[in-house]
J.: 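Sending over a structure as structure tokens; questions will come in a sec.
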Amino acid sequence: TGTNNEVRKTNEYNNATARSLEAILDNLTIQNLHYRKINKNLSASLSFLNDTANDTYSTFENIVFDLDSKIHQGQILLLKDLQIRMEIDVASWRCLFNKAFNDQYWVQNPKQYILPTSDFYEALNYIDNIVFGKLCVDIKDFELYIQEQPSVAKYPDEVTLSSLDTFVRDYSSLVIEFYYYDLFGERGVITTNEWVEVDFSCHKLAGNQRYSYINPSSR
């Protein structure tokens, strides 16, 4: 049927996207592990050279510059690694979700409302665990995002799986742009130095450093 074809095509698209992103991630992982391992040593070396160079600074100037460049390159690769991992989680969520809720009629008929309400919140909790928890955003912020969408006249009673899929992707794109890079390659709101301070873990970011759709001026 048409709905089954839609589910099948969605799964195929999600799987293909996830495989593509995983291939990119595999290529970066080796480099990232290397940079993560030597990053602290390079930082220590750079600090030592800066502290001891004194009158012979010019002798070390090229070495310091080279070390600083390598540290920065490693940090950029680590951020790219984190970004791709997030994109994989977003790309693969629907496939995992469909398997978990396969017996629900609104999965087989994704244009039907996710009802009863208890089903909707169970679905939302699952998405929080596999996507938004890893993105370090508050699920309540995502709920407020949904409520502001023109296609949702009554929340949570008039949300379909098809629309929820769109909301997850669009909202996640806003989060990734905030943390990392947008589609035009512009730097995100969180600076590289801020990521270094929290050891590249979004869970260590302060509340005002985390993405919020409802409060974009929190920074």
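Position 1 is the first residue of the sequence; numbering continues from there.
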J.: When you compare the side chain of Y171 with that of V137, does any pair of heavy atoms fall below 4.5 Å?
T.: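 Yes, their side chains come closer than 4.5 Å.
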J.: I would like to know whether I76 and K80 meet side chain to side chain contact (heavy atoms under 4.5 Å, CB included); could you show each step before the answer?
T.: CA-CA 6 Å; I76 295 301; K80 193 63 179 178; 5.5 Å; no
J.: Take the angle between the ring planes of F97 and W106 and call it parallel below 30°, perpendicular above 60°, tilted in between.
T.: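 Rings of F97 and W106: tilted, 30 to 60°.
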J.: Parallel, tilted or perpendicular for F142 and F132, by the 30°/60° rule?
T.: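 Because their plane-to-plane angle lies in the 30° to 60° range, the rings of F142 and F132 count as tilted.
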J.: Verify side chain to side chain contact (heavy atoms under 4.5 Å, CB included) between L78 and W195, making sure each step is shown before the conclusion.
T.: CA-CA 10 Å; L78 286 172; W195 279 115; over 6 Å; no
J.: Can you check whether E148 reaches L144 side chain to side chain, under 4.5 Å on heavy atoms?
T.: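 Heavy-atom side-chain distance check fails, nothing below 4.5 Å.
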J.: Can you list the steps and then say if Y145 with L174 is a side chain to side chain contact (heavy atoms under 4.5 Å, CB included)?
T.: CA-CA 11 Å; Y145 170 83; L174 295 174; 4.2 Å; yes
J.: For Q108 and D103, indicate whether the former's side chain and the latter's backbone hold a donor-acceptor pair under 3.5 Å.
T.: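 Not confirmed, Q108 side chain does not pair with D103 backbone.
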J.: Roughly how far apart are Q209 CD and I190 CD1, rounded to 0.5 Å?
T.: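 CD1 of I190 is found 5.0 Å from CD of Q209.
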J.: Do you know the tightest heavy-atom contact between K111 and T160?
T.: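 Of all heavy-atom pairs spanning K111 and T160, the closest is O-CG2, 3.3 Å.
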J.: Quick check: does any side chain N or O of Y179 sit under 3.5 Å from a backbone N or O of C136, one acting as donor and the other as acceptor?
T.: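 Yes, the answer is positive, given that a donor and an acceptor are paired below the 3.5 Å cut-off.
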J.: Taking side chain as C-beta onward, heavy atoms only, is S163 less than 4.5 Å from T166?
T.: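 They are not in side-chain contact.
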J.: List the atom of V168, the atom of W93, and the distance in Å for their closest heavy-atom pair.
T.: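 Looking at all heavy atoms of both residues, the shortest contact is CG1-NE1, 3.5 Å.
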J.: For E143 and Q147, what are the C-alpha separation, side-chain angles and deciding distance, and is it a side-chain hydrogen bond (donor to acceptor under 3.5 Å, both in side chains)?
T.: CA-CA 6 Å; E143 288 190 74; Q147 292 175 51; 5.0 Å; no
J.: Which distance, rounded to the nearest 0.5 Å, do you find between the CD of Q104 and the CG of N98?
T.: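 Spacing of CD (Q104) from CG (N98) equals 11.5 Å.
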J.: Just verifying a value: how many Å separate D165 CG and R94 CZ, rounded to the nearest 0.5 Å?
T.: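 One finds 4.5 Å between CG of D165 and CZ of R94.
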J.: Starting from the C-alpha separation in whole Å, work towards a yes-or-no answer on side chain to side chain contact (heavy atoms under 4.5 Å, CB included) for L96 and Y126.
T.: CA-CA 10 Å; L96 296 173; Y126 184 84; 3.8 Å; yes
J.: State whether the side chain of D141 and the backbone N or O of I214 hold a donor-acceptor pair below 3.5 Å, judged by distance alone.
T.: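 Side chain of D141 to backbone of I214, a donor-acceptor pair under 3.5 Å: yes, one is there.
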J.: Before giving the answer on salt bridge (charged side-chain N to carboxylate O under 4.0 Å, His left out), spell out for D89 and R85 the whole-Å C-alpha distance, their side-chain angles and the decisive distance to 0.1 Å.
T.: CA-CA 6 Å; D89 289 334; R85 288 180 186 277; over 6 Å; no
J.: When rounded to the nearest 0.5 angstrom, what is the spacing between SG in C202 and CG in L135?
T.: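 Going from SG on C202 over to CG on L135, the span is 7.0 Å.
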J.: With a 4.5 Å heavy-atom cut-off, do F101 and L161 have their side chains touching?
T.: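 A side-chain contact is absent here, since even the closest heavy-atom pair is not under 4.5 Å.
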J.: When rounded to the nearest 0.5 angstrom, what distance separates CG in D128 from NZ in K140?
T.: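 Interatomic distance, D128 CG to K140 NZ, rounded to 0.5 Å: 10.0 Å.
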J.: Using a 4.5 Å cut-off on heavy atoms from C-beta on, say whether the side chain of I139 contacts that of N125.
T.: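 No, their side chains stay 4.5 Å or more apart.
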J.: Rounded to the nearest 0.5 Å, how far does CD of E194 lie from NZ of K204?
T.: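 Answer for the NZ-CD pair, K204 versus E194, is 15.0 Å.
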J.: Is there a side-chain hydrogen bond (donor to acceptor under 3.5 Å, both in side chains) between Q149 and Y155 once you walk through the steps?
T.: CA-CA 10 Å; Q149 304 312 302; Y155 180 86; over 6 Å; no
